[in-house]
Asks: 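The following block contains the structure, expressed as structure tokens.
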Amino acid sequence: PTYQWFANGQAIPGAVTSTYTYSPLSTDGDQTIYTYTVQVTYPESGCVITPATYTSNVVTVNANPVVVISGDNIVCENGTISLTANVTNGSANTYTWYNYNTPVSGTTSNLIITPAVVSVNQPNGVYSYTVVVNEGTGCAATSAPFNVSVNAAPVVDVIITDDQICAGGTFNVSAQVNDWNIADLTYAWTGNGTAIANTTASFDATADTNVTFEVTITQTTSGCVATGSA
């Protein structure tokens with residue numbers, strides 16, 4: 001006999017043997033149902049056999065999920081690494097998280113690691129997370145790596161050029177920060193608790209009474225904060 005296979009009533013090109021092997025696709029990322037039938041023809045007699053559709057001939061194709069990790073790429077030392085696995089094309093029954101292919105604690109769509117430790121022992125100085133999601137039907141997906149850098153906490157010293165002056169005298173106030181993302185810092189100053197209209201690392205000031213200057217430094221990309229006073 002000769003054979004012709006059909007999927008949902010449409011002839012499948014090239015599917016003309018008694019055994020048909022195929023990797024079906026989902027349509028537009030949706031669950032897709034295929035009903036397969038085969039037509040058998042005996043050339044000598046012209047007899048054609050087309051069986052009825054049986055339940056066992058129906059194949060349900062689920063789209064493989066797609067997973068993308070979101071979160072902060074830069075966090076502060078002793079802060080929190082918080083990542084989310086965002087799944088499309090279906091839903092996930094299980095989540096397995098890895099850092100450089102080593103499993104880490106976390107079985108839900110959210111990975112929380114606290115406190116965050118400076119990644120001096122990590123390759124290239126960063127953590128690299130991936131997540132594997134499984135729908136429970138054999139459909140699974142692995143995310144692209146998501147890198148997280150943990151910045152060391154800043155240290156700031158407030159330096160005053162003259163810490164004893166005559167009333168009305170002028171002096172310089174400056175914030176000296178350890179070698180730590182200097183280009184991404186903001187400065188907020190107070191004098192005796194009152195905000196000072198200055199946002200730079202150094203400025204000249206005058207005083208008629210004793211003053212305690214305090215600076216709050218924020219690293220804009222990680223949110224790390226340090227304070228110092230003099």
Side-chain angles (χ1 to χ4, degrees), residues 26 29 62-159 174-190 198-202 213-230:
S26 63
N62 295 310
N64 281 313
V66 176
V67 57
V68 177
I69 297 175
S70 62
D72 289 332
N73 290 100
I74 303 176
V75 300
C76 189
E77 180 182 13
N78 297 320
T80 300
I81 297 175
S82 178
L83 304 178
T84 301
N86 304 284
V87 179
T88 55
N89 278 4
S91 59
N93 287 350
T94 63
Y95 299 83
T96 308
W97 291 88
Y98 298 87
N99 175 38
Y100 287 109
N101 298 319
T102 299
V104 297
S105 178
T107 59
T108 67
S109 60
N110 295 107
L111 178 68
I112 304 295
I113 296 178
T114 186
V117 179
V118 176
S119 53
V120 293
N121 295 322
Q122 299 297 315
N124 302 316
V126 299
Y127 297 90
S128 183
Y129 293 99
T130 55
V131 62
V132 176
V133 297
N134 194 302
E135 289 186 340
T137 60
C139 299
T142 302
S143 72
F146 187 93
N147 294 338
V148 178
S149 297
V150 179
N151 283 347
V155 177
V156 57
D157 291 319
V158 176
I159 307 299
S174 64
Q176 295 186 359
V177 186
N178 60 329
D179 185 14
W180 182 78
N181 293 317
I182 299 300
D184 297 319
L185 300 178
T186 62
Y187 301 83
W189 290 90
T190 62
N198 183 79
T199 58
T200 60
S202 177
F213 292 92
E214 183 174 82
V215 65
T216 299
I217 296 179
T218 303
Q219 206 278 330
T220 55
T221 54
S222 70
C224 297
V225 175
T227 59
S229 64

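Since this is a predicted model, take the numbers as computed values, not measurements.
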Asks: Assess the residue pair T80 and V75 against the criterion (side chain to side chain contact (heavy atoms under 4.5 Å, CB included)); give the C-alpha distance rounded to whole Å, side-chain angles, the decisive distance to 0.1 Å, and a yes or no.
Replies: CA-CA 7 Å; T80 300; V75 300; over 6 Å; no

Asks: May I have the step-by-step check of side chain to side chain contact (heavy atoms under 4.5 Å, CB included) for Q122 and N99, ending in yes or no?
Replies: CA-CA 10 Å; Q122 299 297 315; N99 175 38; 3.1 Å; yes

Asks: Looking only at non-hydrogen atoms, find the nearest pair between S143 and I69 and report the distance.
Replies: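 Heavy-atom minimum between the residues: OG-CD1, 3.3 Å.
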
Asks: Can you check side chain to side chain contact (heavy atoms under 4.5 Å, CB included) on L83 and V131, steps first, answer last?
Replies: CA-CA 10 Å; L83 304 178; V131 62; over 6 Å; no

Asks: How close do S109 and W97 get, counting heavy atoms only, and between which atoms?
Replies: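 Minimum heavy-atom contact is O-CZ2, 3.5 Å.
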
Asks: First locate atom OH of Y127, then atom OH of Y100, and finally report the distance between them rounded to the nearest 0.5 Å.
Replies: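 The OH atom of Y100 is 10.5 Å from OH of Y127, to the nearest 0.5 Å.
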
Asks: If you apply the rule side chain to side chain contact (heavy atoms under 4.5 Å, CB included), what do you find for L111 with I113, and how did you get there?
Replies: CA-CA 7 Å; L111 178 68; I113 296 178; 4.2 Å; yes

Asks: Determine whether Y95 and T107 make a side-chain contact, defined as any pair of heavy atoms from C-beta on separated by less than 4.5 Å.
Replies: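 No, side chains not in contact.
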
Asks: Between G79 and T114, which heavy-atom pair has the shortest distance, and what is it?
Replies: O-OG1, 3.4 Å

Asks: Contact between C139 and P65 at the side-chain level, heavy atoms closer than 4.5 Å - yes or no?
Replies: yes

Asks: Which residue, T142, T130, V104, forms the side chain to side chain contact (heavy atoms under 4.5 Å, CB included) with Y98?
Replies: T130

Asks: For N147, is there any backbone N or O sitting under 3.5 Å from a side-chain donor or acceptor partner on N73?
Replies: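 Yes, N73 side chain to N147 backbone: donor-acceptor pair under 3.5 Å.
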
Asks: Testing the basics here: between V67 and A141, what is the closest heavy-atom pair and its distance to 0.1 Å?
Replies: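 The answer is CG1-O, 4.0 Å.
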
Asks: Nearest 0.5 angstrom please: F146 CZ to D72 CG, how far?
Replies: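 If we round to the nearest 0.5 Å, F146:CZ and D72:CG are 7.5 Å apart.
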
Asks: What's the separation between atom OH in Y187 and atom CD1 in I217, rounded to the nearest 0.5 Å?
Replies: 5.0 Å

Asks: Please check this pair: side chain of T200 against backbone of S202, looking for a donor-acceptor N/O pair closer than 3.5 Å.
Replies: yes

Asks: Check whether T84 reaches the backbone of S70 with its side chain - one donor and one acceptor, N or O, closer than 3.5 Å.
Replies: no

Asks: Taking all non-hydrogen atoms of both residues into account, name the closest pair between S128 and P145 and its distance.
Replies: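 Distance-wise, the nearest heavy atoms are OG-CB, 3.5 Å.
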
Asks: Can you measure from OG (S174) to CG (D157) and round to the nearest 0.5 angstrom?
Replies: 9.5 Å

Asks: Does any N or O in the side chain of T108 come within less than 3.5 Å of the main-chain N or O of N110, such that one atom is a donor and the other an acceptor?
Replies: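 A pair under 3.5 Å: yes.
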
Asks: Is it true that a side-chain atom of N86 and a backbone atom of V68 form a donor plus acceptor pair closer than 3.5 Å?
Replies: yes

Asks: Identify the two heavy atoms, one from W189 and one from A175, that lie closest to each other, and give their separation to 0.1 Å.
Replies: CZ2-CB, 3.8 Å

Asks: Please name the residue in the list V118, N151, V117 that meets the side chain to side chain contact (heavy atoms under 4.5 Å, CB included) test with E77.
Replies: V118

